[in-house]
Amino acid sequence: MLSVGKVGPANAGYYQSAVVQGAEDYYAADGEVPGRWVGRADLIGAVAGEVATAVEAGLLLEAKCAPDGTRLGKTTVAERSVTAFDLTFSAPKSVSVLYALGGARVVAAVEAAHTDAVLQAVASLSPRIAYTRTGHAGVAVVDAEGVFGIRYRHRTSRALDPQLHDHVLISNAVRTVSDGEWRTLDARGLYRQAKAAGVEYQAHLRAGLQASLGVEFGDVDGNGQADIVGIDDSVLVEFSTRGVDIETELANWVAGFVEREGRKPSPIEVGKAHKTITLATRTAKPTDAALPTATLRAGWRQRADGLVDVERMLSSVLGDPSRPAVSRPSVEEVLEAVETKHAQWAEAQLLEEIAARITGPDLATIAKVIEAVRVEAMGSVGVVDLTPPAEAGDRLRASDGRPVHVPPSAVRYTTRRHLEREVAIVEWATAPDAGEHRAVTVDEELLNGLDGGQVAAVVAMLSDPRPVITVVGPAGAGKTTLLAAAVTSWQRAGIGVFGVGPSATAARQLRDGAGTVADTLHKLVYEHSVKQTAGRGTADPVWDLPARSVVIIDESGMVDTRLLHDYARIAQAKRWRTVLVGDHRQLDAVDAGGMFAELVGDPDVVTVELG
């Protein structure tokens with residue numbers, strides 16, 4: 001896992017405070033080992049891999065100066081200045097547990113694999129983020145000669161659980177290729193590329209540990225991370241004090257959000273809350289963080305012994321060292337993965353998908369294969385560049401040939417398949433009335449208690465015969481109440497109504513509130529496409545809706561493009577009328593979405609908006 005933070009004069013001392021100068025044996029040392037230079041340290045007269053002394057670290061992180069005191073740039077460093085960016089590479093908890101409980105040979109192997117993985121990930125990241133800004137308001141993004149910084153090794157979490165992680169402090173000063181001037185790093189690229197670097201680190205770490213210790217890993221998760229097979233779950237929980245505390249606070253926040261807003265928070269809202277809670281609950285490491293390693297290790301072993309037979313667990317985990325064979329994903333596989341998650345994507349997001357699927361015998365091979373797959377995928381006819389091309393007179397960057405006014409971090413792509421799905425959805429939603437659907441008159445008593453906007457929405461849904469209509473309104477606007485009136489009117493007119501949502505919870509709420517049979521959209525699509533394609537029979541009777549039925553899709557903003565496209569094809573073939581309900585300003589699909597908002601903004605789509 002990789003996180004990014006900011007470093008300045010106020011917090012620069014944290015990284016150096018626990019260092020024991022001259023500590024060489026990490027297994028036996030007390031405190032943390034000194035920081036070491038990484039990247040293009042030669043640009044400031046340092047040497048990558050060598051120790052960065054406390055004085056040198058202070059000059060760079062507190063004053064933005066080279067080791068000889070030369071100021072890197074023209075701006076004066078103030079208390080709130082950003083002098084570096086902290087890229088924290090954290091080993092999976094199972095790897096940290098192995099490091100905490102293993103013997104000297106195991107510790108050395110874990111250390112080596114972790115170090116190699118971090119350095120290779122930084123080496124891959126460096127050319128992708130080496131940019132700075134020039135011109136009025138920094139509008140021109142130009143090439144820099146490379147990035148450099150200091151790498152610190154820490155062995156514990158703030159709760160003193162074992163957590164092997166490196167803080168790679170990338171300097172906020174880079175030297176411009178064109179004129180040799182020192183300027184600040186264009187950090188937008190760093191933030192964009194960070195997850196990809198973290199996923200690549202995890203791939204290198206897994207390969208290194210398989211080669212040196214013969215350990216096996218489980219499935220790779222959405223962050224490109226996997227845990228060692230055989231490390232008992234109870235031990236992982238025992239040594240995850242900080243994580244458990246954060247998750248508990250997050251669960252409380254989610255419960256409060258639901259109570260206040262009447263809905264679940266979106267993934268983006270949860271992510272922001274997680275970051276806020278992590279920072280708010282962060283405390284300084286205890287004074288006993290600098291305890292002798294032997295003391296910490298003895299404490300960890302005692303805690304683990306109370307849960308499992310540690311020696312038996314370690315014996316089951318450690319195997320015969322073997323270099324993994326090269327395994328690379330196909331271009332089709334990685335493009336499908338990235339288009340499933342993102343309607344538009346950056347090259348970094350493609351790299352995430354590639355790195356998560358790579359194995360190989362060594363760092364160099366893995367890095368080479370990642371780059372080969374990237375080049376092949378980006379050159380595929382299935383990839384569409386969404387960035388406007390350069391025009392005559394534009395000044396171009398040497399590194400990518402794009403205009404300098406287009407930041408590399410802003411370049412986006414999509415796939416032809418995704419564009420075709422979007423076009424098909426718009427064509428379905430804007431199709432003219434073909435006489436398939438008849439208007440229905442609403443009974444007056446059903447409108448009692450509705451406000452003017454809700455009445456207009458009900459009338460529009462019942463009277464406009466076009467095959468698709470969108471109903472938009474925020475939480476609390478009464479969408480479910482007006483749907484109940486419309487459902488009753490259709491049912492009285494002999495028209496079948498079926499409700500679906502992107503989740504079982506949404507479907508239950510629609511069923512209970514609007515008074516219609518309801519289930520998930522995934523299930524409806526499965527019954528009419530996947531099930532039949534797989535030869536598992538026809539749709540069950542409850543799903544076999546007659547022609548001219550009305551299908552209500554609640555929380556449509558959360559429906560991803562692929563699923564909506566699959567549904568649209570079925571609805572056209574079955575001649576169903578569709579009512580898309582939701583709020584395009586709030587929730588969005590977990591996977592590639594955005595089509596509900598697109599349809600709401602299309603003047604050719606019938607849209608009723610509630611206040």
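Residue pairs satisfying the ring pair (Phe, Tyr, Trp, His ring centres under 6.0 Å) criterion with at least one member in residues 371-417, sequence neighbours excluded, are listed as follows: Trp345-Tyr413. Identified under the salt bridge (charged side-chain N to carboxylate O under 4.0 Å, His left out) test for residues 136-147, with sequence neighbours left out: Glu145-Arg175. Pairs passing the salt bridge (charged side-chain N to carboxylate O under 4.0 Å, His left out) check and including a residue from residues 366-382, sequence neighbours excluded, read Arg328-Glu376, Glu347-Arg374, Glu371-Arg374. Listed by first and then second residue, the salt bridge (charged side-chain N to carboxylate O under 4.0 Å, His left out) pairs involving residues 398-410 are Asp385-Arg402, Arg397-Asp400 (not counting sequence neighbours).
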Please tabulate, for side-chain N and O atoms in residues 73-82, each donor-acceptor pair with protein atoms closer than 3.5 Å (sequence neighbours left out).
{"from": "Ser81", "atom 1": "OG", "to": "Ala78", "atom 2": "N", "distance (Å)": "2.7"}
{"from": "Ser81", "atom 1": "OG", "to": "Ala78", "atom 2": "O", "distance (Å)": "3.2"}

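In this pair, His167 and His165 present their aromatic rings perpendicular. The plane angle is above 60°, beyond the 30 to 60° band.
Side-chain atoms of Asp42 never come within 3.5 Å of backbone atoms of Gly45 as a donor-acceptor pair (strictly under, hydrogens ignored). Remark: side-chain polar atoms of Arg153 are not paired, donor with acceptor, to backbone N or O of Asp166 under 3.5 angstrom. Formation of a donor-acceptor pair under 3.5 Å by the Ser94 side chain with backbone atoms of Asp227 is not found in this model. Using a distance-only test at 3.5 Å, with no hydrogens or angles considered, a donor-acceptor pair links the side chain of Thr414 to the main chain of Ala343. The backbone N or O of Gln120 lies less than 3.5 Å from a partner atom in the side chain of Ser124, making a donor-acceptor pair. Panel note: side chain Glu62, backbone Leu59; no donor-acceptor pair is recorded below 3.5 Å. A donor-acceptor pair under 3.5 Å is absent between the side-chain atoms of Thr70 and the main chain of Ala66, judged by distance alone. Judged purely by atom type and a 3.5 angstrom limit, Asp116 has no side-chain atom pairing as donor or acceptor with the backbone of Ala113.
Using a 4.0 Å cut-off between a side-chain N of Lys or Arg and a carboxylate O of Asp or Glu, Glu420 and Arg416 do not qualify as a salt bridge. Ion pair Arg188/Asp186 flagged as a salt bridge, since at least one NZ, NE, NH1 or NH2 atom sits closer than 4.0 Å to an Asp/Glu carboxylate oxygen. Classification of Lys341 and Glu336 as a salt-bridged pair fails, no side-chain N sitting under 4.0 Å from a carboxylate O. Remark: Glu332 engages Arg417 in a salt bridge, criterion side-chain N to carboxylate O under 4.0 Å.
Annotation: side chain of Val579 is not in contact with side chain of Ile553 (no heavy-atom distance under 4.5 Å).
Under 3.5 Å, the side chains of Thr470 and Thr607 contain a donor-acceptor pair of N or O atoms.
For the ring-ring contact (aromatic ring centres under 6.0 Å, His included) test, residues two or more places apart in sequence or in another chain that qualify with His114 are Tyr201.
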